[in-house]
2 protein chains.
Amino acid sequence: MQDPQQYLAQVLRQLRQQQGWSLDRAARETGVSKAMLGQIERGESSPTMATLWKIAGGFQRSISVFIEPTPVENRGTILRSSDELRQQPADDEMLVATLFPFDKRFGFEMFELTLPPGYERLSAAHEPGTTEHLVVLTGAMEVLENGEWLALKKGDALRFAADRDHGYRNQSAEDVVFHNLISYSAR
Amino acid sequence: MQDPQQYLAQVLRQLRQQQGWSLDRAARETGVSKAMLGQIERGESSPTMATLWKIAGGFQRSISVFIEPTPVENRGTILRSSDELRQQPADDEMLVATLFPFDKRFGFEMFELTLPPGYERLSAAHEPGTTEHLVVLTGAMEVLENGEWLALKKGDALRFAADRDHGYRNQSAEDVVFHNLISYSAR
DNA sequence: AGCACTCGTGCGCTATAACGTACAAGCCCT
DNA sequence: AGGGCTTGTACGTTATAGCGCACGAGTGCT
(Lines give C-alpha, C1' and ligand atoms only; values in the text may rest on other atoms or scores of the structure.)
Protein backbone atom coordinates (compact mmCIF):
# COMPACT_ATOMS: atom_id res chain seq x y z
CA MET A 1 0.00 0.00 0.00
CA GLN A 2 1.24 3.43 -0.83
CA ASP A 3 0.80 6.74 0.89
CA PRO A 4 -2.97 7.44 0.75
CA GLN A 5 -2.38 11.00 -0.42
CA GLN A 6 -0.29 9.76 -3.34
CA TYR A 7 -2.91 7.16 -4.20
CA LEU A 8 -5.60 9.81 -4.18
CA ALA A 9 -3.42 12.09 -6.32
CA GLN A 10 -2.83 9.37 -8.87
CA VAL A 11 -6.47 8.26 -9.09
CA LEU A 12 -7.71 11.82 -9.45
CA ARG A 13 -5.29 12.55 -12.28
CA GLN A 14 -6.19 9.29 -14.02
CA LEU A 15 -9.91 9.99 -13.72
CA ARG A 16 -9.56 13.49 -15.09
CA GLN A 17 -7.49 12.24 -18.01
CA GLN A 18 -9.99 9.47 -18.72
CA GLN A 19 -12.69 12.12 -18.95
CA GLY A 20 -10.45 14.29 -21.13
CA TRP A 21 -11.01 17.25 -18.82
CA SER A 22 -8.71 20.18 -18.16
CA LEU A 23 -8.28 21.42 -14.60
CA ASP A 24 -10.57 24.27 -15.55
CA ARG A 25 -13.28 21.90 -16.80
CA ALA A 26 -12.91 19.67 -13.76
CA ALA A 27 -13.27 22.72 -11.53
CA ARG A 28 -16.54 23.59 -13.22
CA GLU A 29 -17.86 20.04 -12.96
CA THR A 30 -16.91 19.53 -9.33
CA GLY A 31 -17.25 22.99 -7.80
CA VAL A 32 -13.71 22.77 -6.47
CA SER A 33 -11.18 25.38 -7.65
CA LYS A 34 -8.67 24.38 -10.28
CA ALA A 35 -5.82 25.50 -8.07
CA MET A 36 -7.02 23.15 -5.36
CA LEU A 37 -7.50 20.27 -7.80
CA GLY A 38 -3.99 20.89 -9.06
CA GLN A 39 -2.60 20.74 -5.54
CA ILE A 40 -4.46 17.53 -4.80
CA GLU A 41 -3.24 15.91 -8.01
CA ARG A 42 0.33 16.82 -7.16
CA GLY A 43 -0.10 15.41 -3.68
CA GLU A 44 0.56 18.81 -2.19
CA SER A 45 -2.63 19.02 -0.19
CA SER A 46 -4.87 16.67 1.75
CA PRO A 47 -8.48 17.54 0.94
CA THR A 48 -11.25 17.40 3.47
CA MET A 49 -14.06 14.87 3.22
CA ALA A 50 -16.37 17.65 2.09
CA THR A 51 -14.11 18.56 -0.80
CA LEU A 52 -13.60 14.94 -1.79
CA TRP A 53 -17.36 14.49 -1.78
CA LYS A 54 -17.67 17.36 -4.25
CA ILE A 55 -14.94 15.91 -6.44
CA ALA A 56 -16.47 12.43 -6.43
CA GLY A 57 -19.87 13.91 -7.28
CA GLY A 58 -18.45 15.87 -10.19
CA PHE A 59 -16.95 12.70 -11.61
CA GLN A 60 -20.10 10.73 -10.73
CA ARG A 61 -18.19 8.23 -8.66
CA SER A 62 -18.18 7.09 -5.07
CA ILE A 63 -15.54 8.49 -2.73
CA SER A 64 -14.29 4.96 -2.31
CA VAL A 65 -12.60 5.02 -5.72
CA PHE A 66 -10.08 7.40 -4.20
CA ILE A 67 -9.18 5.01 -1.41
CA GLU A 68 -6.75 2.21 -1.96
CA PRO A 69 -8.38 -1.16 -1.27
CA THR A 70 -6.96 -2.84 1.79
CA PRO A 71 -5.75 -6.36 1.23
CA VAL A 72 -7.53 -8.81 3.47
CA GLU A 73 -4.84 -9.82 5.90
CA ASN A 74 -4.47 -13.13 7.59
CA ARG A 75 -7.91 -14.54 6.92
CA GLY A 76 -8.19 -18.15 7.80
CA THR A 77 -9.10 -21.03 5.56
CA ILE A 78 -12.64 -22.25 5.93
CA LEU A 79 -13.53 -25.77 4.86
CA ARG A 80 -17.16 -26.71 5.12
CA SER A 81 -17.77 -30.39 4.64
CA SER A 82 -20.87 -31.44 2.75
CA ASP A 83 -21.88 -33.70 5.64
CA GLU A 84 -22.63 -30.76 7.88
CA LEU A 85 -24.05 -28.40 5.27
CA ARG A 86 -27.32 -29.82 4.15
CA GLN A 87 -28.85 -31.21 7.29
CA GLN A 88 -30.65 -28.08 8.30
CA PRO A 89 -33.72 -27.53 6.17
CA ALA A 90 -35.44 -24.20 6.41
CA ASP A 91 -38.92 -24.22 7.94
CA ASP A 92 -40.45 -24.93 4.60
CA GLU A 93 -39.87 -27.42 1.79
CA MET A 94 -36.92 -25.61 0.29
CA LEU A 95 -33.56 -26.93 1.45
CA VAL A 96 -30.95 -24.32 2.30
CA ALA A 97 -27.24 -24.94 2.77
CA THR A 98 -24.94 -22.08 3.65
CA LEU A 99 -21.78 -22.57 1.61
CA PHE A 100 -20.11 -19.31 2.61
CA PRO A 101 -21.67 -17.20 5.35
CA PHE A 102 -21.68 -13.46 4.99
CA ASP A 103 -18.31 -11.87 5.67
CA LYS A 104 -18.11 -8.10 5.61
CA ARG A 105 -14.70 -8.21 3.99
CA PHE A 106 -16.09 -9.87 0.86
CA GLY A 107 -19.57 -8.39 0.90
CA PHE A 108 -21.45 -11.54 -0.04
CA GLU A 109 -22.87 -14.83 1.19
CA MET A 110 -23.55 -17.95 -0.79
CA PHE A 111 -26.09 -20.73 -0.47
CA GLU A 112 -27.02 -23.96 -2.14
CA LEU A 113 -30.80 -24.13 -2.51
CA THR A 114 -32.95 -27.14 -3.40
CA LEU A 115 -36.52 -26.60 -4.63
CA PRO A 116 -38.76 -29.69 -4.71
CA PRO A 117 -41.22 -30.14 -7.62
CA GLY A 118 -44.09 -27.65 -7.51
CA TYR A 119 -42.35 -25.35 -5.04
CA GLU A 120 -42.71 -21.59 -5.49
CA ARG A 121 -41.14 -18.83 -3.43
CA LEU A 122 -41.71 -15.07 -3.80
CA SER A 123 -39.31 -12.66 -2.08
CA ALA A 124 -39.76 -9.03 -1.28
CA ALA A 125 -37.17 -6.51 -2.43
CA HIS A 126 -33.94 -6.52 -0.47
CA GLU A 127 -32.05 -3.39 0.47
CA PRO A 128 -30.80 -1.17 -2.37
CA GLY A 129 -27.76 -2.48 -4.15
CA THR A 130 -28.39 -6.15 -3.43
CA THR A 131 -27.64 -8.44 -6.36
CA GLU A 132 -28.22 -12.17 -6.68
CA HIS A 133 -26.21 -14.61 -8.75
CA LEU A 134 -27.75 -17.99 -9.54
CA VAL A 135 -26.14 -21.05 -11.12
CA VAL A 136 -28.35 -24.08 -11.75
CA LEU A 137 -26.64 -27.36 -10.85
CA THR A 138 -29.38 -29.88 -11.62
CA GLY A 139 -32.92 -29.64 -12.96
CA ALA A 140 -34.73 -26.61 -14.32
CA MET A 141 -36.33 -23.61 -12.64
CA GLU A 142 -37.89 -20.26 -13.28
CA VAL A 143 -36.91 -16.96 -11.77
CA LEU A 144 -39.25 -14.01 -11.46
CA GLU A 145 -37.27 -10.96 -12.32
CA ASN A 146 -38.54 -7.56 -13.24
CA GLY A 147 -42.09 -8.86 -13.45
CA GLU A 148 -41.20 -11.70 -15.82
CA TRP A 149 -40.42 -15.42 -15.31
CA LEU A 150 -37.11 -16.45 -16.81
CA ALA A 151 -36.48 -20.14 -17.55
CA LEU A 152 -33.17 -21.55 -16.38
CA LYS A 153 -31.81 -25.04 -16.91
CA LYS A 154 -28.84 -27.00 -15.62
CA GLY A 155 -25.66 -25.05 -16.15
CA ASP A 156 -27.28 -21.63 -16.71
CA ALA A 157 -26.03 -18.60 -14.75
CA LEU A 158 -28.10 -15.52 -13.94
CA ARG A 159 -27.23 -12.27 -12.23
CA PHE A 160 -30.06 -9.85 -11.35
CA ALA A 161 -30.97 -6.95 -9.13
CA ALA A 162 -32.63 -8.26 -5.97
CA ASP A 163 -33.64 -4.90 -4.59
CA ARG A 164 -37.02 -5.36 -6.18
CA ASP A 165 -39.58 -8.14 -5.77
CA HIS A 166 -38.38 -11.45 -7.18
CA GLY A 167 -39.05 -15.16 -6.89
CA TYR A 168 -38.18 -18.75 -7.79
CA ARG A 169 -40.27 -21.73 -8.77
CA ASN A 170 -39.84 -25.34 -9.90
CA GLN A 171 -42.54 -26.47 -12.28
CA SER A 172 -40.69 -29.63 -13.33
CA ALA A 173 -41.07 -33.16 -11.95
CA GLU A 174 -37.69 -33.23 -10.21
CA ASP A 175 -35.77 -31.30 -7.57
CA VAL A 176 -33.83 -28.34 -8.82
CA VAL A 177 -30.54 -27.52 -7.08
CA PHE A 178 -28.85 -24.17 -7.55
CA HIS A 179 -26.23 -21.88 -6.06
CA ASN A 180 -27.24 -18.40 -4.97
CA LEU A 181 -24.61 -15.80 -4.24
CA ILE A 182 -26.03 -12.63 -2.72
CA SER A 183 -23.88 -9.53 -2.97
CA TYR A 184 -24.71 -6.48 -0.86
CA SER A 185 -24.10 -3.03 -2.29
CA ALA A 186 -21.13 -1.86 -4.33
CA ARG A 187 -17.51 -1.52 -3.40
CA MET B 1 -27.67 8.36 1.20
CA GLN B 2 -27.05 10.89 3.88
CA ASP B 3 -24.58 13.75 4.17
CA PRO B 4 -21.13 12.13 4.22
CA GLN B 5 -20.09 14.23 7.19
CA GLN B 6 -23.07 12.98 9.22
CA TYR B 7 -22.37 9.42 8.19
CA LEU B 8 -18.75 9.79 9.26
CA ALA B 9 -19.82 11.36 12.56
CA GLN B 10 -22.16 8.50 13.30
CA VAL B 11 -19.73 5.74 12.38
CA LEU B 12 -16.90 7.29 14.37
CA ARG B 13 -19.01 7.60 17.49
CA GLN B 14 -20.25 4.02 17.10
CA LEU B 15 -16.72 2.69 16.62
CA ARG B 16 -15.41 4.53 19.66
CA GLN B 17 -18.28 3.26 21.78
CA GLN B 18 -17.75 -0.30 20.55
CA GLN B 19 -14.14 -0.04 21.68
CA GLY B 20 -15.27 1.46 24.99
CA TRP B 21 -12.85 4.36 24.51
CA SER B 22 -13.11 7.89 25.84
CA LEU B 23 -12.22 10.80 23.55
CA ASP B 24 -8.99 11.02 25.46
CA ARG B 25 -8.18 7.36 24.88
CA ALA B 26 -9.12 7.61 21.21
CA ALA B 27 -6.87 10.65 20.86
CA ARG B 28 -3.96 8.64 22.20
CA GLU B 29 -4.68 5.67 19.94
CA THR B 30 -5.14 7.72 16.78
CA GLY B 31 -2.79 10.67 17.23
CA VAL B 32 -5.66 13.06 16.56
CA SER B 33 -6.57 15.56 19.29
CA LYS B 34 -9.63 14.84 21.41
CA ALA B 35 -11.05 18.25 20.59
CA MET B 36 -10.85 17.42 16.92
CA LEU B 37 -12.37 13.96 17.40
CA GLY B 38 -15.20 15.57 19.35
CA GLN B 39 -15.84 18.02 16.55
CA ILE B 40 -15.87 15.26 13.95
CA GLU B 41 -18.28 13.16 16.01
CA ARG B 42 -20.64 16.10 16.34
CA GLY B 43 -20.45 16.73 12.61
CA GLU B 44 -18.94 20.16 13.25
CA SER B 45 -15.84 19.69 11.17
CA SER B 46 -14.86 17.98 7.94
CA PRO B 47 -11.52 16.28 8.56
CA THR B 48 -8.85 16.01 5.91
CA MET B 49 -8.04 12.65 4.39
CA ALA B 50 -4.75 12.68 6.29
CA THR B 51 -6.60 12.98 9.59
CA LEU B 52 -9.08 10.31 8.58
CA TRP B 53 -6.17 8.03 7.75
CA LYS B 54 -4.79 8.50 11.26
CA ILE B 55 -8.20 7.81 12.78
CA ALA B 56 -8.72 4.67 10.72
CA GLY B 57 -5.26 3.46 11.67
CA GLY B 58 -5.89 4.01 15.35
CA PHE B 59 -9.05 1.94 15.15
CA GLN B 60 -7.31 -0.61 12.89
CA ARG B 61 -9.86 -0.24 10.14
CA SER B 62 -9.84 0.81 6.52
CA ILE B 63 -10.94 4.36 5.72
CA SER B 64 -13.75 2.85 3.75
CA VAL B 65 -15.70 2.06 6.91
CA PHE B 66 -16.28 5.79 7.24
CA ILE B 67 -17.78 6.08 3.79
CA GLU B 68 -21.38 5.17 3.15
CA PRO B 69 -21.59 2.33 0.60
CA THR B 70 -23.15 3.40 -2.67
CA PRO B 71 -26.00 1.23 -3.85
CA VAL B 72 -25.34 -0.25 -7.27
CA GLU B 73 -27.72 1.59 -9.47
CA ASN B 74 -29.39 0.34 -12.59
CA ARG B 75 -27.26 -2.72 -13.25
CA GLY B 76 -28.66 -4.94 -15.90
CA THR B 77 -29.66 -8.56 -15.63
CA ILE B 78 -27.19 -11.00 -17.11
CA LEU B 79 -28.34 -14.45 -18.14
CA ARG B 80 -25.65 -16.79 -19.40
CA SER B 81 -27.03 -19.90 -21.02
CA SER B 82 -25.20 -23.16 -20.40
CA ASP B 83 -24.99 -23.74 -24.16
CA GLU B 84 -22.58 -20.89 -24.64
CA LEU B 85 -20.59 -21.32 -21.47
CA ARG B 86 -18.66 -24.54 -21.75
CA GLN B 87 -17.60 -24.63 -25.34
CA GLN B 88 -14.36 -22.78 -24.83
CA PRO B 89 -11.75 -25.01 -23.19
CA ALA B 90 -8.57 -23.39 -22.00
CA ASP B 91 -5.40 -24.39 -23.82
CA ASP B 92 -4.93 -27.34 -21.57
CA GLU B 93 -7.07 -30.24 -20.39
CA MET B 94 -8.92 -28.27 -17.72
CA LEU B 95 -12.27 -26.93 -18.89
CA VAL B 96 -13.08 -23.38 -17.87
CA ALA B 97 -16.49 -21.74 -18.03
CA THR B 98 -16.94 -18.16 -16.95
CA LEU B 99 -20.18 -17.99 -15.01
CA PHE B 100 -19.85 -14.36 -13.91
CA PRO B 101 -17.05 -12.25 -15.38
CA PHE B 102 -15.25 -9.82 -13.14
CA ASP B 103 -17.26 -6.70 -12.35
CA LYS B 104 -15.57 -3.99 -10.35
CA ARG B 105 -18.79 -3.24 -8.53
CA PHE B 106 -18.89 -6.69 -6.97
CA GLY B 107 -15.17 -7.34 -6.78
CA PHE B 108 -15.27 -10.96 -7.88
CA GLU B 109 -15.49 -13.33 -10.81
CA MET B 110 -16.74 -16.88 -10.86
CA PHE B 111 -15.89 -19.90 -12.95
CA GLU B 112 -16.94 -23.48 -13.34
CA LEU B 113 -13.86 -25.65 -13.71
CA THR B 114 -13.62 -29.26 -14.82
CA LEU B 115 -10.50 -31.31 -14.06
CA PRO B 116 -10.12 -34.61 -15.91
CA PRO B 117 -8.66 -37.63 -14.07
CA GLY B 118 -4.96 -37.27 -13.30
CA TYR B 119 -4.94 -33.52 -13.93
CA GLU B 120 -2.84 -31.32 -11.65
CA ARG B 121 -2.51 -27.55 -11.72
CA LEU B 122 -0.23 -25.40 -9.56
CA SER B 123 -0.82 -21.64 -9.41
CA ALA B 124 1.49 -18.91 -8.29
CA ALA B 125 0.33 -16.45 -5.64
CA HIS B 126 -2.13 -13.85 -6.82
CA GLU B 127 -2.05 -10.25 -5.69
CA PRO B 128 -2.46 -9.56 -1.96
CA GLY B 129 -5.96 -9.89 -0.68
CA THR B 130 -7.15 -12.38 -3.29
CA THR B 131 -9.37 -15.12 -1.87
CA GLU B 132 -10.76 -18.17 -3.62
CA HIS B 133 -14.02 -19.96 -2.80
CA LEU B 134 -14.49 -23.49 -4.14
CA VAL B 135 -17.61 -25.66 -4.16
CA VAL B 136 -17.32 -29.19 -5.54
CA LEU B 137 -20.25 -30.18 -7.73
CA THR B 138 -19.26 -33.67 -8.79
CA GLY B 139 -16.33 -35.96 -8.06
CA ALA B 140 -13.48 -35.43 -5.62
CA MET B 141 -10.39 -33.28 -5.71
CA GLU B 142 -7.48 -32.03 -3.66
CA VAL B 143 -6.46 -28.45 -3.10
CA LEU B 144 -2.96 -27.38 -2.20
CA GLU B 145 -3.30 -24.72 0.41
CA ASN B 146 -0.64 -23.45 2.75
CA GLY B 147 1.71 -26.22 1.71
CA GLU B 148 -0.81 -28.96 2.39
CA TRP B 149 -3.23 -30.92 0.15
CA LEU B 150 -6.81 -30.79 1.39
CA ALA B 151 -9.27 -33.43 0.18
CA LEU B 152 -12.65 -32.19 -1.04
CA LYS B 153 -15.61 -34.22 -2.19
CA LYS B 154 -18.92 -33.45 -3.86
CA GLY B 155 -20.77 -30.80 -1.92
CA ASP B 156 -17.78 -29.50 0.09
CA ALA B 157 -17.03 -25.76 0.19
CA LEU B 158 -13.62 -24.20 0.80
CA ARG B 159 -12.48 -20.61 1.18
CA PHE B 160 -8.75 -19.89 1.25
CA ALA B 161 -6.20 -17.16 0.74
CA ALA B 162 -4.96 -17.28 -2.86
CA ASP B 163 -2.21 -14.71 -2.43
CA ARG B 164 0.22 -17.53 -1.85
CA ASP B 165 1.10 -20.52 -4.00
CA HIS B 166 -1.79 -22.95 -4.34
CA GLY B 167 -3.00 -25.73 -6.61
CA TYR B 168 -5.67 -28.27 -7.59
CA ARG B 169 -5.49 -31.90 -8.62
CA ASN B 170 -7.81 -34.78 -9.47
CA GLN B 171 -6.45 -38.15 -8.44
CA SER B 172 -9.74 -39.98 -8.92
CA ALA B 173 -10.92 -41.94 -11.97
CA GLU B 174 -13.60 -39.41 -12.96
CA ASP B 175 -13.90 -35.75 -13.89
CA VAL B 176 -14.29 -33.37 -10.99
CA VAL B 177 -16.42 -30.27 -11.54
CA PHE B 178 -16.30 -27.32 -9.17
CA HIS B 179 -17.16 -23.66 -8.87
CA ASN B 180 -14.44 -21.19 -8.13
CA LEU B 181 -15.27 -17.68 -7.00
CA ILE B 182 -12.27 -15.38 -6.88
CA SER B 183 -12.63 -12.27 -4.74
CA TYR B 184 -10.10 -9.48 -5.05
CA SER B 185 -9.15 -7.48 -1.99
CA ALA B 186 -11.44 -6.28 0.76
CA ARG B 187 -14.18 -3.78 0.70
C1' DA C 1 6.22 37.74 -35.90
C1' DG C 2 2.40 38.66 -33.16
C1' DC C 3 -1.82 37.70 -30.98
C1' DA C 4 -5.26 34.96 -28.66
C1' DC C 5 -6.24 31.12 -26.19
C1' DT C 6 -5.61 27.06 -23.17
C1' DC C 7 -3.24 24.87 -19.65
C1' DG C 8 -1.08 24.14 -15.22
C1' DT C 9 1.18 26.35 -11.39
C1' DG C 10 2.42 30.12 -7.99
C1' DC C 11 0.98 33.49 -4.74
C1' DG C 12 -1.61 36.18 -1.44
C1' DC C 13 -5.65 36.05 1.10
C1' DT C 14 -9.62 34.03 3.71
C1' DA C 15 -11.85 30.18 5.94
C1' DT C 16 -11.47 26.25 8.43
C1' DA C 17 -8.97 22.23 10.26
C1' DA C 18 -6.32 20.87 14.09
C1' DC C 19 -4.25 21.48 18.49
C1' DG C 20 -3.36 22.73 23.43
C1' DT C 21 -5.47 24.44 27.26
C1' DA C 22 -9.24 25.62 30.21
C1' DC C 23 -13.71 24.79 31.94
C1' DA C 24 -18.19 22.69 33.54
C1' DA C 25 -20.51 18.62 34.86
C1' DG C 26 -20.72 14.32 36.93
C1' DC C 27 -18.98 10.59 39.65
C1' DC C 28 -16.45 8.36 43.29
C1' DC C 29 -13.99 8.19 47.49
C1' DT C 30 -12.67 9.86 52.01
C1' DA D 1 -18.72 18.42 52.36
C1' DG D 2 -14.66 18.44 49.78
C1' DG D 3 -11.22 16.86 46.70
C1' DG D 4 -9.68 14.31 42.79
C1' DC D 5 -10.53 12.35 38.55
C1' DT D 6 -12.79 11.52 34.08
C1' DT D 7 -15.44 13.12 30.39
C1' DG D 8 -16.85 16.09 26.64
C1' DT D 9 -17.03 20.81 25.00
C1' DA D 10 -15.43 25.78 24.34
C1' DC D 11 -11.94 28.91 23.07
C1' DG D 12 -7.71 31.05 21.34
C1' DT D 13 -3.93 30.11 18.44
C1' DT D 14 -1.46 28.00 14.63
C1' DA D 15 -1.31 25.40 10.38
C1' DT D 16 -3.29 24.29 6.30
C1' DA D 17 -7.17 23.86 3.03
C1' DG D 18 -9.35 26.31 -0.51
C1' DC D 19 -10.05 30.20 -3.57
C1' DG D 20 -9.33 34.06 -6.98
C1' DC D 21 -6.14 36.03 -9.70
C1' DA D 22 -1.85 36.42 -12.16
C1' DC D 23 1.76 34.40 -14.72
C1' DG D 24 4.68 31.54 -17.89
C1' DA D 25 4.70 28.07 -21.39
C1' DG D 26 2.91 26.07 -25.35
C1' DT D 27 -0.09 25.89 -29.37
C1' DG D 28 -2.62 27.47 -33.28
C1' DC D 29 -3.95 30.94 -36.38
C1' DT D 30 -3.34 35.06 -39.22
Side-chain angles (χ1 to χ4, degrees), chain A residues 1-70, chain B residues 1-70:
Chain A
M1 285 184 62
Q2 69 192 75
D3 178 49
Q5 193 156 314
Q6 289 310 317
Y7 184 84
L8 167 59
Q10 175 189 323
V11 171
L12 180 55
R13 184 175 286 272
Q14 281 170 357
L15 271 184
R16 188 167 65 83
Q17 283 168 347
Q18 278 169 17
Q19 299 286 118
W21 287 351
S22 63
L23 280 171
D24 196 48
R25 174 67 191 277
R28 282 187 269 116
E29 297 293 336
T30 61
V32 175
S33 77
K34 76 174 190 174
M36 189 63 215
L37 289 172
Q39 281 192 281
I40 298 173
E41 279 188 9
R42 296 191 301 277
E44 289 175 12
S45 173
S46 181
T48 62
M49 281 289 287
T51 296
L52 204 53
W53 179 250
K54 291 163 76 179
I55 294 173
F59 282 91
Q60 297 187 323
R61 299 289 210 285
S62 161
I63 289 189
S64 59
V65 304
F66 298 108
I67 292 157
E68 186 168 17
T70 310
Chain B
M1 281 184 63
Q2 70 190 74
D3 177 51
Q5 192 157 315
Q6 289 310 320
Y7 185 83
L8 165 59
Q10 176 189 322
V11 173
L12 181 55
R13 185 174 286 275
Q14 280 170 358
L15 271 183
R16 188 166 66 82
Q17 285 171 345
Q18 279 172 16
Q19 299 286 117
W21 286 353
S22 64
L23 280 171
D24 196 45
R25 174 66 191 279
R28 282 187 269 115
E29 297 293 336
T30 61
V32 175
S33 75
K34 79 172 187 176
M36 188 64 216
L37 290 170
Q39 280 192 281
I40 298 173
E41 280 188 7
R42 294 190 302 277
E44 289 174 11
S45 173
S46 182
T48 62
M49 290 300 289
T51 296
L52 208 51
W53 182 248
K54 291 162 78 177
I55 294 174
F59 281 91
Q60 297 187 324
R61 297 292 210 282
S62 160
I63 288 189
S64 60
V65 303
F66 298 110
I67 292 156
E68 186 169 15
T70 311

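Computed from heavy atoms alone, side chains included, the values below leave out hydrogens, waters and symmetry copies. The model shown is predicted, which means the values in this text are computed figures rather than measured ones. Quick note on labels: first sequence line is chain A, next is B, and so on, each numbered from 1.
Sorted by first and then second residue, the salt bridge (charged side-chain N to carboxylate O under 4.0 Å, His left out) pairs involving residues 48-59 of chain B (not counting sequence neighbours) form an empty list. Residue pairs meeting the ring-ring contact (aromatic ring centres under 6.0 Å, His included) criterion with at least one member in residues 8-43 of chain A, sequence neighbours excluded: A:Trp21-A:Phe59. For residues 13-23 of chain A, the set of pairs meeting the salt bridge (charged side-chain N to carboxylate O under 4.0 Å, His left out) definition, not counting sequence neighbours, comprises A:Arg13-A:Glu41, A:Arg16-A:Glu41.
At the heavy-atom level, B:Arg25 lies nowhere under 4.0 Å from the strands shown.
For A:Arg13, no side-chain nitrogen or oxygen approaches OP1 or OP2 of C:dG8 to under 4.0 Å.
Residues forming a side-chain hydrogen bond (donor to acceptor under 3.5 Å, both in side chains) with B:Gln6 (at least two apart in sequence, or on another chain): none. Among residues two or more places apart in sequence or in another chain, the side chain to side chain contact (heavy atoms under 4.5 Å, CB included) test is passed with B:Ser46 by A:Thr48, A:Met49, A:Ala50, B:Gln5. Contacts of B:Gln14 classified as side chain to side chain contact (heavy atoms under 4.5 Å, CB included), with partners at least two apart in sequence or in another chain: B:Gln10. In this structure A:Gln18 satisfies the side chain to side chain contact (heavy atoms under 4.5 Å, CB included) test together with A:Leu15, A:Arg61, sequence neighbours excluded. By the side chain to side chain contact (heavy atoms under 4.5 Å, CB included) test, B:Ala56 pairs with B:Ile63, B:Phe66, sequence neighbours left out.
First and last contacting nucleotides of DNA chain D toward chain B (any atom under 4.0 angstrom from a heavy atom, 5' to 3' order): D:dT7 to D:dA17.
Between A:Asp24 atom CG and C:dG8 atom P the separation is 9 Å, expressed in whole Å.
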Kindly give the atom pairs (protein nitrogen or oxygen, nucleotide nitrogen or oxygen) under 3.5 Å for nucleotides 25-29 of chain C.
none

* Asked: For nucleotides 15-20 of chain C, read 5' to 3', which letter fits each nucleotide if B means a protein heavy atom sits under 4.0 Å from the base, S means only the sugar-phosphate is that close, and - means neither?
  -> --SBBB
Using atom types as modelled, flag every donor-acceptor pair under 3.5 Å from a side chain in residues 24-31 of chain A to any protein atom, sequence neighbours excluded.
{"residue": "A:Arg25", "atom": "NE", "partner": "A:Glu29", "partner atom": "OE2", "Å": "2.8"}
{"residue": "A:Arg25", "atom": "NH2", "partner": "A:Glu29", "partner atom": "OE2", "Å": "3.0"}
{"residue": "A:Thr30", "atom": "OG1", "partner": "A:Ala26", "partner atom": "O", "Å": "2.8"}
{"residue": "A:Thr30", "atom": "OG1", "partner": "A:Val32", "partner atom": "N", "Å": "3.2"}

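Atom CD in A:Gln17 sits 9.5 Å away from atom CG in A:Leu12 (nearest 0.5 Å).
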